[in-house]
Amino acid sequence: MRVKMRHQISGTRDGQDWPAPGEEIDLPEDEAVSVLNSGMAEAIEDADEPEKATAPKPTTRTKKS
């Protein structure tokens, strides 16, 4: 999963420094979920993956008595 770093993580990953804020990195899904949940990164939408449509919520009215 590709993510864009929001904050700098100290240390290394696989012998390389973590990317600087604003840079992207490919991570295994479990590791990506961890950095996303911690707020350290944001998800990058995959251009190859089709967009998922979301139906709008219907407007409902209640009859006044």
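Quick note: numbers below take in every heavy atom, side chains included, and nothing from hydrogens, waters or symmetry partners. Keep in mind that this is a model prediction, so the values were computed, not measured.
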When rounded to the nearest 0.5 angstrom, what distance separates CD1 in Ile25 from CD1 in Ile44? 12.0 Å
For the CG atom of Leu36 and the CD atom of Glu29, what is their distance to the nearest 0.5 Å? 10.0 Å
Closest contact, heavy atoms only, Pro21 versus Gln8: CD-OE1, 3.4 Å
Note: Met1 and Ala32 closest approach over all heavy atoms is SD-CB, 3.6 Å
Tell me whether Glu31 contacts the main-chain N or O of Pro28 through its side chain, where contact means a donor paired with an acceptor under 3.5 Å. no
The criterion is side-chain hydrogen bond (donor to acceptor under 3.5 Å, both in side chains); which residues satisfy it with Glu24, sequence neighbours excluded? Arg2
Apply side chain to side chain contact (heavy atoms under 4.5 Å, CB included) to Ile9 and Val35, showing your working. CA-CA 10 Å; Ile9 297 178; Val35 295; 4.2 Å; yes
Atom pair CD/NZ of Glu42 and Lys4 - distance to nearest 0.5 Å: 5.5 Å
